Amino acid sequence: KAGVTQTPRYLIKTRGQQVTLSCSPISGHRSVSWYQQTPGQGLQFLFEYFSETQRNKGNFPGRFSGRQFSNSRSEMNVSTLELGDSALYLCASSAGQGVHEQYFGPGTRLTVT
Amino acid sequence: SQQGEEDPQALSIQEGENATMNCSYKTSINNLQWYRQNSGRGLVHLILIRSNEREKHSGRLRVTLDTSKKSSSLLITASRAADTASYFCATDAVISSGTYKYIFGTGTRLKVLA
């Protein structure tokens, strides 16, 4: 099976812009989670989607949003970018709720200037 | 604050030696997982241990869990240069019935010298 894919891999944006990141989970996986990783804060949970519904959300401002499509692919959007949003954004998929092993994609490196 | 905190933050050993890293957490858990991350890339799942288990093995990996102390340790035996990576523990936090949030620790950076 193909692994989790994330596009784009690298992105440079300007403060105030908005960005959309994409994640394709492993075939058959229905749960997709997003994480932000920075040197200062480490890995922080953003949100999880299962069957097109957001199941839970971390402590991030409303500028961070996401969605999941019927084929389980997920997108994450960040509006009004701030310098502090520069990070590695990781997507992880799992077979479903109650299945805890997560498979991570390579991440999208976002730089905000 | 992070649910899990790894100790030490960084570890440097010679190839062939054993590496031990520890993880402490704050709340009750259903399971604890260890992941490896190579150089700012995606994480790779290593092993999962359930709250009713005390020890688990997978190849050169040995994980222990002490729920009374809210701590876990990961032992890598006979380390190799390829084991150089950051290692994270992740614990589940129940959000509501049937839904979980995974909280990752701060990580241990392991460097294995050839």
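Residue numbers begin at 1 in each chain, while the letters A, B, ... track the order of the sequences. Note that this is a predicted model, so its numbers are computed, not measured.
- Under the 4.5 Å side-chain heavy-atom criterion for ILVMFWY residues, no single connected hydrophobic cluster contains both F104(B) and F60(A).
- V112(B) is connected to M21(B) through a chain of hydrophobic side-chain contacts under 4.5 Å among Ile, Leu, Val, Met, Phe, Trp and Tyr, so both are in one cluster.
- With a 4.5 Å cut-off on non-hydrogen atoms, L43(B) touches chain A through its backbone and its side chain both.
- Taking the side-chain hydrogen bond (donor to acceptor under 3.5 Å, both in side chains) definition, one finds that S79(A) meets it with nothing, sequence neighbours left out.
- Cluster membership check: L90(A) shares its hydrophobic cluster with Y102(B), using side-chain heavy-atom separations under 4.5 Å among Ile, Leu, Val, Met, Phe, Trp and Tyr.
- Neither the backbone nor the side chain of F47(A) comes within less than 4.5 Å of any heavy atom in chain B.
- The line from CD of E101(A) to CD1 of I47(B) is 10.5 Å long, rounded to the nearest 0.5 Å.
- Here salt bridge (Lys or Arg N to Asp or Glu O under 4.0 Å) pairs that include residues 103-112 of chain B, with residues two or more places apart or in two chains, number zero.
- For the residue pair Q102(A)/Q33(B), the side-chain donor-acceptor check at 3.5 Å is not satisfied.
- With values rounded to the nearest 0.5 angstrom, T106(B) atom OG1 is found 10.5 Å from L43(A) atom CG.
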